Amino acid sequence: VGQMVDRGDLTETEALSHPQRHVLTRALGVERGTEVDTARARLRPGDVVVLATDGLTSLVSPEEIAGEVRGAGDFLLLACRLVRLANERGGYDNVTVVLAEV
């Protein structure tokens, strides 16, 4: 579904309830070679990068995640808070959160 959004076939809103939103098109360890997605971003000292599964992003908006990150000091507590927030909203999928500060 993420690929469909990237191509313009679906909107972000449509993707949230699409019946195939949990279908994986790539995974590590399944085949010998893996196609890797990359992106470039200008990062500055103090910026925080959040890597998360759709278990978080399907239940917590980017704006809410950014708000949590802005007020955070301890990344372990922040990750736990984000997972708890997703679980409080239904937690119907695995929730994984990785945080890194530049």
Side-chain angles (χ1 to χ4, degrees):
V1 170
Q3 292 170 338
M4 294 167 74
V5 171
D6 291 343
R7 285 193 312 257
D9 297 336
L10 287 177
T11 66
E12 294 278 345
T13 303
E14 291 169 329
L16 291 174
S17 61
H18 194 280
Q20 294 179 330
R21 67 187 174 276
H22 298 296
V23 174
L24 297 176
T25 58
R26 281 182 267 166
L28 292 174
V30 177
E31 297 179 14
R32 280 191 158 271
T34 301
E35 185 179 340
V36 177
D37 290 320
T38 61
R40 291 180 179 257
R42 289 189 184 262
L43 300 174
R44 298 175 300 227
D47 283 351
V48 176
V49 177
V50 179
L51 302 174
T53 59
D54 62 344
L56 176 70
T57 59
S58 63
L59 296 168
V60 183
S61 73
E63 295 79 18
E64 290 175 293
I65 294 169
E68 292 290 332
V69 169
R70 271 188 223 101
D74 182 316
F75 278 12
L76 178 58
L77 293 176
L78 171 59
C80 290
R81 197 164 51 246
L82 290 170
V83 170
R84 185 173 45 251
L85 186 56
N87 285 333
E88 288 171 354
R89 294 182 180 178
Y92 51 80
D93 199 356
N94 296 327
V95 182
T96 303
V97 178
V98 176
L99 301 153
E101 184 175 10
V102 177

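Treat the numbers as computed from the prediction; the structure is a model and nothing was measured.
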Hey, what do you get for CG (Asp93) to OG1 (Thr57), rounding to the nearest 0.5 Å? 9.0 Å

Is there a side-chain contact between Val23 and Val1 in this structure, where contact means two heavy atoms from C-beta onward sitting under 4.5 Å apart? no

Indicate, with yes or no, if Leu16 and Met4 share a hydrophobic cluster defined by side-chain heavy-atom contacts under 4.5 Å among Ile, Leu, Val, Met, Phe, Trp and Tyr. no

Nearest 0.5 Å, please: how far is CD1 in Ile65 from CZ in Arg70? 11.5 Å

In the single-linkage hydrophobic clustering (I, L, V, M, F, W, Y; side-chain heavy atoms under 4.5 Å), do Val102 and Leu51 co-cluster? yes

Between the CD atom in Glu14 and the CG atom in Asp9, the distance rounded to the nearest 0.5 Å is 10.0 Å

Judged by atom type as modelled, is there a donor-acceptor pair below 3.5 Å linking the side chain of Thr53 to the main-chain atoms of Thr96? yes

Please list, chain by chain and in numerical order, all residues satisfying side chain to side chain donor-acceptor pair (under 3.5 Å) with Ser58, sequence neighbours excluded. Tyr92

Which residues pass the salt bridge (Lys or Arg N to Asp or Glu O under 4.0 Å) test with Arg21, not counting sequence neighbours? none

Shortest non-hydrogen separation from Leu59 to Arg89 and the atoms involved: O-NH1, 2.9 Å

If you look at every heavy atom in Phe75 and Leu99, which pair is closest and at what distance? O-CD1, 3.4 Å

Shared hydrophobic cluster for Val98 and Val50 (ILVMFWY, side-chain gaps under 4.5 Å): no

Qualifying residues under side chain to side chain contact (heavy atoms under 4.5 Å, CB included), relative to Val95, sequence neighbours excluded: Leu56, Val83, Ala86, Asn87, Val97

First locate atom CG of Leu43, then atom CD of Glu101, and finally report the distance between them rounded to the nearest 0.5 Å. 11.5 Å

